[in-house]
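Below: the structure, in structure tokens.
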Amino acid sequence: VLRKGAIDEDVFEELEATLIQADMGVKTTHQLVEKMRERVKSDRLTDAEQLYTVLEEELVALMSQPSTDAHSAVQSASPHVALVIGVNGVGKTTTIAKLAHMHRLDGKKVVVAAADTFRAAAIEQLEIWAQRAGADIVKHKSGADPAAVAYDALAAAIARKCDQVIIDTAGRLHTKTNLMEELKKIKRVLGKLDPSAPHEVLMVLDATTGQNALSQARLFTEALGVTGIILTKLDGTAKGGIVVAIHQEFGIPVKFIGVGESLDDLKPFAPTEFVKALFE
Amino acid sequence: SLSEKLQKTLRNLRGLGKLSEKNMKDGLRDVRMALLEADVNYKVVKDFIGHVQDKALGREVLESITPGQQLVKVVYDELVRMMGKEAEPLRLSSEPPTVIMLIGLQGSGKTTTAAKLARSLRTRGHQPLLVAADVYRPAAVQQLIVLSEQLGIPAYSDENSNDPVGICRDSVQHARRSNRDVLILDTAGRLHINDELIEELRRIREILHPHEVLLVADAMTGQDAVNVAEQFHSRVGITGVILTKLDGDARGGAALSIKSVTGQPIKFAGIGEKLDAFEVFHPDRVASRILG
Ligand SMILES: Nc1nc2c(ncn2[C@@H]2O[C@H](COP(=O)(O)OP(=O)(O)OP(=O)(O)O)[C@@H](O)[C@H]2O)c(=O)[nH]1
Ligand SMILES: Nc1nc2c(ncn2[C@@H]2O[C@H](COP(=O)(O)OP(=O)(O)OP(=O)(O)O)[C@@H](O)[C@H]2O)c(=O)[nH]1
Ligand SMILES: [Mg+2]
Ligand SMILES: [Mg+2]
């Protein structure tokens, strides 16, 4: 990255190339580049290094904004219920294992719900992970109603006085109306046991995804109200810059990042580290 | 859509002589934005616009259609040409078993696609054998076995082995003994930058000499598609691509990025979760999608 020397048109072109290639998208990139042109004038910046420092500060501030949901009230709910959703193959099941593991390290009791009753060996996959993470699992037969599994999992967690319920759902494209209805039904059914549940609706997003992530965020949040994003596969070469565009447009914060395929490969989202990595 | 945008941008050019660098400049900027929004890689877009400009330059601005329509036609034709005008068939060996190896990033759809491919081959009179070579992902072998049972197509696995290379090697003997003429190897998802796992693929390739090594890639992949495709191709060597999840609303610009950086044909498209949601890749359909 062109970080030294005078600020000329080449620097802005390099900046645009970097942001676009980080999957920030045309709209967000143009907004940021325009903002930087203004800052060069208003702050009288003379060196490209200064420009990048200003931009990094701007991005960190953007990504650090707290979300609009009543976060603290929701955290104290017991059991705390997290509904995990997302399109096919992004890492939902593996991420749930990591979340369960994280809660277990805090000494919490965790129930995972095998509400993906559709995909081949989905229940078996979660069973193995639950065992490794030390979580209880509630499951029905393959083909069962996902809402019934979710309901039973919450009921069991209440009866066993567990701290966390994490619900695994089948991957689905956000454009499939009937599958989105299935998610809404899960949410409604949880509300019967606890009107405040689910306390979190976590959308799992693959860092290699491009602009389609905006459509995913839009439709999942319209259907259910997404409270946070978990950005997976950041151990690859993709930058995941689309979360900046998602934050701009929908105000949805990134809560965690996935950096590998093992139980401890989950980290809380750190805006400064994330922004630094964008420019590496 | 790009057509509508270009109609506006170039409306003053109608019947105004030839398309020149100057009068096309704004139109080309619209095309560039549309391609970037469609997830075509930044550098690929740069090259592509260069090609379009060369093709369009000097053309008479016809009276019969608008300059916008004319430019869209050049872009569309160039997209289709670059993504491989006609479908390229699967390479089958004259000495069975044909070996087809599926590789790619985690979650791209390899296991599901392996089953779809097996089903499609059986429809065309072949006797495929699915090989469960993913020993890492929990219940991955089980996933392939369940799919194979749904189809009534045999699957080879070895629950006592944690060596994917050995499993693949042994599957060849098994195919011969049971008269299966096509082997479909389902491998574990891996990062293009994981040296150890890339080396594992190279070893499988060395021992089995697959007739096809197909990169299974997600249609919603963004700018990173070039890095992934470039690495898998230079380090393992691919002979073709299968683009999955085209049943969503991703514009699919990754198709152009992958084709342009590897030069290998996109052979098939995954268009759903069911095992019959599989078809030959149509570059013209993806070209229209990319243009929006
Ligand atoms: N490298 C890497 N791989 C990951 C990460 N998270 C998940 N994976 C892998 O991605 C693949 C898909 O993960 P799953 O957990 O099955 O994804 P899913 O969203 O539940 O998939 P469906 O239920 O089929 O929609 C697996 O091979 C995981 O090991 C991550 O952070 N990094
Ligand atoms: N909608 C849709 N979903 C698909 C398509 N192909 C695969 N899937 C889904 O994508 C998810 C991941 O598919 P898998 O076959 O497990 O992917 P994989 O590449 O084998 O994953 P790893 O082995 O973990 O790397 C599953 O939920 C599949 O049902 C497709 O064409 N369309
Ligand atoms: Mg899953
Ligand atoms: Mg697989």
Side-chain angles (χ1 to χ4, degrees), chain A residues 16-27 29-30 87-94 97 118-129 131-132 142 170-176 179 206-216 219 232-233 235-242 260-261, chain B residues 32-43 45-46 105-112 115 136-150 188-194 217-228 231 244-245 247-254 272-273:
Chain A
E16 186 204 49
T18 302
L19 297 179
I20 299 243
Q21 289 180 102
D23 282 315
M24 248 186 241
V26 170
K27 183 162 169 229
T29 296
H30 283 176
V87 302
N88 309 71
V90 294
K92 298 177 292 301
T93 306
T94 312
F118 168 75
R119 206 210 67 211
I123 298 171
E124 288 80 351
Q125 182 188 9
L126 187 63
E127 266 186 295
I128 293 170
W129 276 124
Q131 215 243 357
R132 291 181 189 178
S142 167
R172 69 205 63 219
L173 295 182
H174 46 298
T175 44
K176 308 208 167 166
L179 298 182
D206 188 325
T208 65
T209 309
Q211 300 308 298
N212 192 248
L214 283 166
S215 177
Q216 293 175 27
L219 295 185
T232 60
K233 309 180 197 172
D235 46 319
T237 51
K239 302 290 184 177
I242 196 68
E261 303 188 68
Chain B
R32 181 173 173 267
M33 296 248 301
L35 294 176
L36 289 174
E37 284 167 351
D39 287 324
V40 182
N41 179 268
Y42 187 85
K43 298 197 172 108
V45 170
K46 232 179 184 164
L105 292 178
Q106 292 89 346
S108 62
K110 297 173 293 300
T111 304
T112 312
Y136 307 107
R137 170 173 151 157
V141 172
Q142 188 59 18
Q143 183 186 3
L144 190 65
I145 289 175
V146 168
L147 294 178
S148 72
E149 285 172 350
Q150 285 176 7
R190 67 204 64 213
L191 294 179
H192 46 303
I193 52 172
N194 184 321
D218 197 318
M220 58 184 175
T221 311
Q223 296 291 307
D224 202 44
V226 290
N227 297 329
V228 176
Q231 287 287 303
T244 61
K245 308 178 201 171
D247 46 317
D249 60 350
R251 297 271 291 277
E273 297 192 62

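Protein chains get the first letters and strands the later ones, always in sequence-line order, with residue 1 at the start of each.
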Checklist entry - Checking heavy atoms, do the side chain of B/Asn194, its backbone, both or neither come under 4.5 Å from chain A? => result neither
Next on the checklist: Any non-hydrogen side-chain atom of A/Leu173 less than 4.5 Å from a side-chain atom of B/Glu273?
Outcome noted: no
Next on the checklist: If you compare all heavy atoms of B/Ala139 against all heavy atoms of A/Ala121, which two are closest, and at what distance to 0.1 Å?
Outcome noted: O-CB, 3.8 Å
Checklist outcome for this item: In terms of heavy-atom pairs under 4.5 Å with chain B, the winner among A/Val26, A/Leu214, A/Val87 is A/Val26
Item to check | Rounded distance (nearest 0.5 Å) linking atom CD of A/Gln216 with atom CG of B/Asp249 | outcome: 8.0 Å
Next on the checklist: Once rounded to the nearest 0.5 Å, what's the spacing between atom CD of A/Gln21 and atom CG of B/Asn227?
Outcome noted: 8.5 Å
Next on the checklist: Could you measure the distance from the CG atom of A/Asn88 to the CE atom of B/Met220? Nearest 0.5 Å is fine.
Outcome noted: 7.5 Å
Next on the checklist: As an exercise, state the distance from NZ of A/Lys27 to CE of B/Met33, rounded to the nearest 0.5 Å.
Outcome noted: 11.0 Å
Checklist entry - When rounded to the nearest 0.5 angstrom, what is the spacing between CD in B/Gln106 and OG1 in A/Thr94? => result 9.5 Å
Next on the checklist: Please rank A/Lys176, A/Arg119, A/Glu124, A/His30 by heavy-atom pairs under 4.5 Å with chain B and give me the top one.
Outcome noted: A/Arg119
Checklist entry - Is it true that atom CD of A/Gln131 has more than 12 heavy atoms of other residues, nucleotides or ligands lying nearer than 6.0 Å? => result no
Checklist entry - Considering only heavy atoms, which portion of A/Lys239 lies under 4.5 Å from any heavy atom of chain B: side chain, backbone, both, or neither? => result neither
Item to check | Part of A/Glu127 within contact of chain B (heavy atom distance under 4.5 Å) | outcome: neither
Checklist outcome for this item: With chain A, the option among B/Ser108, B/Gly222, B/Ala38 that has the most non-hydrogen atom pairs under 4.5 Å is B/Gly222
Item to check | Residue of the set B/Leu105, B/Asp218, B/Val228 for which side chain to side chain contact (heavy atoms under 4.5 Å, CB included) holds with A/Thr208 | outcome: B/Leu105
Checklist entry - Any idea which of B/Gln231, B/Glu37, B/Lys46 has the most non-hydrogen atom pairs under 4.5 angstrom with chain A? => result B/Glu37
Item to check | CD1 on A/Ile20 to NZ on B/Lys43, rounded to 0.5 Å | outcome: 12.5 Å
Item to check | Region of B/Arg190 in contact with chain A, defined by heavy-atom distances below 4.5 Å | outcome: neither
Next on the checklist: What part of A/Thr175 gets within 4.5 angstrom of chain B, counting heavy atoms only: side chain, backbone, both, or neither?
Outcome noted: side chain
Checklist entry - For the side chain to side chain contact (heavy atoms under 4.5 Å, CB included) test, which of B/Arg137, B/Gln142, B/Gln143 pairs with A/Gln125? => result B/Arg137
